[in-house]
Amino acid sequence: MSAPHQTSVVSTPLPLPTHFSHAQQSFSLKKRRCPCSSSSSSSLSPPRPLSHSLPPRPPSKGCPPLSRVFHHRPTPWTPLSRSLIESPPPHSVYNPSRPQTFFDQCFTNLGLIGRGSFGEVFKVVSLLDGCQYAVKRSVQRFRGEVERARSIAEAWNHEGLHPHPYVLGFIAAWEEAGHLYIQTELCLTSLLLYAEETPFHTGETSAWMYLCDMLSALDHLHSHGFAHLDIKPANIFMTKSGRLKLGDFGLLIKLPTGKREIKTEEADLQEGDPRYMAPELLRGEYGTAADIFSLGVSILELACNIEVPKGGDDWQQLRMGHLPAEFTNALSEDMQYMLRLMLNPETCKRATAQQLLSLPSVCKRKWRRQLSLCIIESFLSLFHWSQSLLTAGWNFISSLNLLFTSVYETSSTGTPPRERWERDADISNIYSDSESPIPDYVFPPDDPEHSPTFTHSVQECISVGSTSTPLPNTQINDTHTSLHSKYTHSPSRIHSSSSLSPIHHSSQHSITDSPCSRERSWIIAELSDKSNFEPKNLLSLFDEATLESKP
Ligand SMILES: Nc1ncnc2c1ncn2[C@@H]1O[C@H](COP(=O)(O)OP(=O)(O)OP(=O)(O)O)[C@@H](O)[C@H]1O
C-alpha cells in the first residue's frame with residue numbers, strides 16, 4: 001500500500017492458510033448485488049466478464065456418493081432444546097403417529113428466505129402461537145457423529161445465551177430424519193445482504209449505528225463468559241425496525257470463569273471467515289478480543305463501503321495494525337480512532353466492548369440510536385396493534401354476518417322465501433299441461449327424501465349464471481356435483497336412466513307437436529344427460545331452445 005500507515009509494524013508476517021492464496025488479495029470497492037442479476041441476461045446486455053473464482057471441485061470418483069453409503073433411515077423426532085423437552089407441543093398440534101414431520105405439523109411454511117453453507121432458512125407461522133419465526137434446517141443429513149455433534153452444538157450454544165435485545169432470540173431446536181432444525185426469532189434480512197442491496201445505508205453514519213448495536217451484543221456475550229468467534233455482517237441480522245441482532249452461534253465458546261481467552265490445546269476449535277479473522281486466532285489464542293477485531297473489520301468494510309481481502313499483503317497489513325488509509329482518510333477522526341482501538345494487533349492493547357461503549361463518541365450515538373429504535377418500534381407495534389384490532393373487528397362482523405345468514409338459511413329451509421316459490425311456480429307453469437313429466441315423476445309429492453333437495457338443486461341450477469342474487473350459502477359447484485352424484489349413484493327413481501328414458505322418449509315424440517313441448521323435452525333431455533348437465537340461465541335456455549326451433 002502506498003499510503004502511510006498509522007501504527008507500528010509487527011515484523012513477522014502471519015502464516016496464511018494455503019487455500020487463501022488464490023483469494024482476493026487487496027481491498028476493493030464493494031461489488032453490488034444487482035437486483036436484475038438473478039434474471040437471465042437479455043441479448044442486448046454486454047458479455048459477462050470471465051469469472052476469476054476457482055471452479056468447484058470435480059466430484060470424487062473413488063467412492064460412491066454418501067447417500068449410498070449412509071442409507072436414509074428416517075429417525076424419529078428428537079427434541080434438542082430445553083424449551084421443547086420441558087414443554088412439548090400438545091397432541092392436538094403434534095401427533096407422532098401421523099406421517100407428517102414435526103415441522104409440517106407444527107408450522108405453516110411461508111417460503112424460503114435464505115440459504116447458507118449449512119442450512120436453508122424458512123419463514124414460518126407457528127401453529128402453537130400464530131407468530132412468525134425463522135426455521136433453519138440443515139441441508140445435509142449428518143454424515144457422522146462428529147458432524148452431528150457440531151451442528152447440535154450451535155443450537156445448544158444459542159439456547160445457553162441469555163436473551164438480549166441485540167442477540168437473535170432462540171425458540172427451539174429438534175432433530176428429525178437426520179436433519180437439525182433451529183427455530184429463531186424472524187428478522188428481515190442479514191446485514192450483509194442489507195448493505196449490498198441498499199448501498200445508501202452504508203457509510204459512516206450507518207456504521208456508527210451498527211457499531212453501537214453490536215458493541216451492546218458483544219458486551220452482553222463477553223460479560224457472560226462467551227466468545228462468538230465468527231463475527232461478520234453475514235451473521236448479523238436486521239429486524240423490521242432496523243435493530244441489529246447477532247446470530248449464528250456455531251463457533252461460540254464458553255470461556256473458563258475469569259478468563260478472556262483460551263489456547264488451542266484446551267479445545268478443538270474451528271476457524272471462522274478469514275476476512276474477519278483476528279490475528280491471534282492463527283496463534284491458537286481464542287477469546288473475546290477476537291470478536292472485537294472481527295467487529296472492527298466489519299465496521300471498516302461498512303463505513304468505507306469496501307470488500308476486505310481474504311488473504312495477501314493487505315490482509316497481513318491489516319493484522320499488523322495498518323488501516324487502508326486511501327479509504328479510511330475519508331472517515332471522521334472519531335471513527336478512525338475507534339477502528340484503531342478495535343484493530344490493534346495485540347490483544348492486551350485492544351479495547352474491550354465495555355471500554356468502547358464508555359467512550360463519549362459512542363455514548364452519545366448509542367443514546368440517539370436507542371431513542372430512534374424506541375420510536376420506530378413503538379410506531380411499528382402501534383401499527384401492528386391497530387391492524388390486529390381491525391382484523392378482529394372484521395372477523396367479528398363476518399361472524400355476525402355468518403350467524404344471520406345461517407339463521408336466514410334455517411328459516412328458508414322450512415319455508416322457502418316467496419321469491420323461490422314464485423320461481424318454482426314459473427317453472428311448473430312450463431310443465432302445466434298433462435304431458436309434464438317432472439312434477440309427478442321427478443318430485444314425488446310424498447317422497448321427503450327427494451323432493452326438497454332436488455327442487456333446490458334444480459332451482460339452483462337454473463338460477464346459476466342468472467343475474468339474480470344467489471341465495472346465501474348457495475354452493476354452486478356442489479349443486480352440480482350433488483346432482484351428478486344423484487343421477488349417477490343413487491338408487492332412487494330419478495337417477496335411473498331407465499326411469500328417465502321413457503319420459504325422454506315420450507317428450508321426444510312430442511317434439512314436433514308444439515314449441516312448448518319441444519322446449520320442455522329439451523330441458524328434460526338436459527336434465528337426464530348427466531355429463532351435459534350444466535347450470536344455465538333460464539332465459540338463455542329459452543333463447544337456445546327458440547333458436548333451435550327455428551328452421
Ligand atoms: N432469523 C432469521 N431471520 C431472517 N432471515 C434469516 C434468519 N436466519 C437466517 N436468515 C437468512 O438466511 C440466510 C442463511 O442463514 P445462515 O447464515 O444462518 O445460514 P448458515 O447455513 O448458517 O450460513 P453460514 O454457515 O454460511 O454462515 C441468511 O443470509 C439470511 O438472509
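From a predicted model like this one, the values you see are computed outputs, not experimental measurements. Just follow the structure's listing: the first ligand is 1, and inside any ligand the first atom is 1.
With values rounded to the nearest 0.5 angstrom, Thr239 atom OG1 is found 9.5 Å from Tyr166 atom OH. In this structure, the separation between CZ on Phe170 and CG on Leu161 is 10.0 Å, given to the nearest 0.5 Å.
Side-chain atoms of Glu204 and Ser332 include a donor-acceptor pair closer than 3.5 Å. The closest side-chain donor-acceptor pair between Thr328 and Gln336, if any, does not fall under 3.5 angstrom.
Protein residues having at least one heavy atom under 4.0 Å from any atom of ligand 1 are Ile113, Gly114, Arg115, Gly116, Ser117, Phe118, Gly119, Val121, Ala134, Lys136, Leu168, Thr184, Glu185, Leu186, Cys187, Ser190, Leu193, Asn235, Phe237, Asp248, listed by chain and number.
Every side-chain hydrogen bond (donor to acceptor under 3.5 Å, both in side chains) that Gln105 has, sequence neighbours left out, goes to Arg98.
For the pair Glu301 and Arg275, the salt-bridge criterion is not met [side-chain N within less than 4.0 Å of a carboxylate O].
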